[in-house]
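Reading through the structure tokens given below for one structure.
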Amino acid sequence: MHNIFMEEELHHIFSWDKLGNIKEGRGDLGEDMPVLVYRLLEYSMNHVLAKEFGVEKANDLFRKTGKLAGSEFAKNVLDLNQDLNSFFAQLQRVLRELKIGVLRVESVREEDNTIIITVAEDLDCSGLPPTNEVVCNYDEGFIAGILETYTHKPYLVREVDCWASGDRVCRFKCQTGKDNG
């Protein structure tokens with residue numbers, strides 16, 4: 001019985017290889033899908049998590065999920081052996097190619113270990129109706145996971161502006177020396 005439980009648990013442990021061979025598996029449909037389908041998954045999952053565990057816990061779970069995804073993304077898609085400017089240029093190019101969003105680095109302040117970045121045409125929220133709130137919790141974790149994997153330092157990333165809060169870009173404040181779980 002213990003063995004069956006372990007096998008079931010292993011099925012739920014994420015690793016990059018569990019994404020499979022998408023090109024092989026989707027020979028006719030290809031690798032792309034509409035943003036609508038992505039948001040359908042994200043927002044329905046967020047709804048269920050918020051109902052089951054409360055809004056704060058749901059947001060925390062989305063950050064943790066994003067952080068895991070960002071770390072694996074960085075390790076498997078990005079060249080981590082570059083200087084900071086080259087790394088951000090690469091990240092900007094890859095996020096645009098994958099249609100995740102249009103990244104811009106607004107500032108890097110070494111004196112307080114803070115990076116301010118924006119993402120325009122964000123996959124998670126661009127085009128949402130205004131609700132006067134920031135909603136990109138997954139992105140907070142995703143960015144933290146990427147930065148932590150590149151720098152080997154913990155990051156706290158929080159969205160300070162969002163399409164849903166009435167802005168035209170998502171703006172994230174990223175600080176080292178802090179951990180967002």
Side-chain angles (χ1 to χ4, degrees), residues 14 19 29-74 77-78 87-109 112-150 154-181:
F14 176 75
L19 299 177
L29 295 177
E31 295 181 84
D32 296 333
M33 68 171 201
V35 173
L36 171 72
V37 176
Y38 170 83
R39 287 188 183 173
L40 184 63
L41 171 69
E42 180 179 15
Y43 285 100
S44 62
M45 187 179 308
N46 188 283
H47 174 90
V48 170
L49 290 173
K51 282 190 78 88
E52 292 286 324
F53 303 110
V55 172
E56 286 306 312
K57 183 65 175 175
N59 290 345
D60 183 52
L61 290 170
F62 263 81
R63 282 185 198 102
K64 287 177 179 177
T65 302
K67 186 174 178 179
L68 173 60
S71 177
E72 289 297 314
F73 179 84
V77 176
L78 303 173
F87 178 76
F88 273 127
Q90 170 196 217
L91 181 59
Q92 184 178 41
R93 178 182 50 76
V94 170
L95 293 182
R96 185 179 196 90
E97 285 173 1
L98 294 175
K99 300 179 182 178
I100 293 170
V102 181
L103 176 78
R104 190 174 129 238
V105 179
E106 285 191 346
S107 66
V108 176
R109 298 189 316 247
D112 65 352
N113 297 320
T114 301
I115 301 170
I116 305 294
I117 63 171
T118 62
V119 180
E121 299 186 40
D122 185 79
L123 184 59
D124 289 347
C125 71
S126 293
L128 289 179
T131 59
N132 295 320
E133 60 186 340
V134 294
V135 299
C136 299
N137 306 111
Y138 177 87
D139 289 354
E140 291 172 338
F142 188 73
I143 293 165
I146 291 170
L147 292 175
E148 288 182 20
T149 301
Y150 174 69
Y155 268 84
L156 175 69
V157 176
R158 288 297 181 260
E159 186 177 31
V160 294
D161 296 313
C162 182
W163 186 286
S165 69
D167 290 282
R168 298 305 258 180
V169 296
C170 295
R171 182 169 285 105
F172 298 90
K173 181 178 182 180
C174 316
Q175 285 192 287
T176 63
K178 301 180 179 187
D179 185 8
N180 68 340

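Note that the structure is a prediction, hence the values are computed from the model and not measured. Because only heavy atoms are used, hydrogens play no part in the values below, and waters and symmetry mates are left out as well, while side chains stay in.
Summarising the geometry, atom CD belonging to Glu31 is positioned 9.0 Å from atom CG belonging to Leu98; distances are rounded to the nearest 0.5 Å. How far CG of Leu147 is from CZ of Phe88: 5.5 Å, rounded to the nearest 0.5 Å. For the atom pair CD1 of Ile115 and CD of Glu106, the computed distance is 12.5 Å after rounding to the nearest 0.5 Å. To the nearest 0.5 Å, atoms CZ (Phe172) and CG (Asp161) are separated by 10.0 Å. The CD atom of Glu140 lies 10.5 Å from the CG atom of Asp60; values are rounded to the nearest 0.5 Å. With values rounded to the nearest 0.5 angstrom, Lys173 atom NZ is found 10.0 Å from Ser107 atom OG.
Counted within 6.0 Å of CZ on Arg168, heavy atoms from surrounding residues, nucleotides or ligands total 12 or fewer; the atom is thus considered open.
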Sequence neighbours excluded and cut-off under 3.5 Å, please list the side-chain donor-acceptor pairs for residues 38-49, or say none.
unit_1: Tyr38; atom_1: OH; unit_2: Asp124; atom_2: OD1; d: 2.7
unit_1: Arg39; atom_1: NE; unit_2: Leu123; atom_2: O; d: 2.9
unit_1: Arg39; atom_1: NE; unit_2: Asp124; atom_2: O; d: 3.4
unit_1: Arg39; atom_1: NH1; unit_2: Ser126; atom_2: O; d: 3.1
unit_1: Arg39; atom_1: NH2; unit_2: Asp122; atom_2: O; d: 3.4
unit_1: Arg39; atom_1: NH2; unit_2: Leu123; atom_2: O; d: 3.2
unit_1: Arg39; atom_1: NH2; unit_2: Ser126; atom_2: O; d: 2.8
unit_1: Tyr43; atom_1: OH; unit_2: Asp124; atom_2: O; d: 2.8
unit_1: Ser44; atom_1: OG; unit_2: Leu40; atom_2: O; d: 2.6
unit_1: Ser44; atom_1: OG; unit_2: Leu41; atom_2: O; d: 3.2

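By the 4.5 Å heavy-atom criterion applied to side chains, Phe14 and Leu19 are counted as neighbours. Annotation: side chain of Val119 is not in contact with side chain of Leu95 (no heavy-atom distance under 4.5 Å).
Although no hydrogens or angles enter the test, the distance criterion places no donor-acceptor pair under 3.5 Å between the side chain of Glu159 and the main chain of Val134. Panel note: side chain Gln175, backbone Leu156; no donor-acceptor pair is recorded below 3.5 Å.
With sequence neighbours excluded, the residues that form a ring-ring contact (aromatic ring centres under 6.0 Å, His included) with Phe87 are Tyr150.
For Gln92 against Leu103, the heavy-atom pair with the smallest separation is NE2-O, 2.7 Å. Thr149 and Ser71 get closest at one heavy-atom pair: OG1-OG, 3.0 Å. Cys162 and Val135 make their closest contact through SG-N, 3.7 Å (heavy atoms, listed as atom of the first residue, atom of the second, distance).
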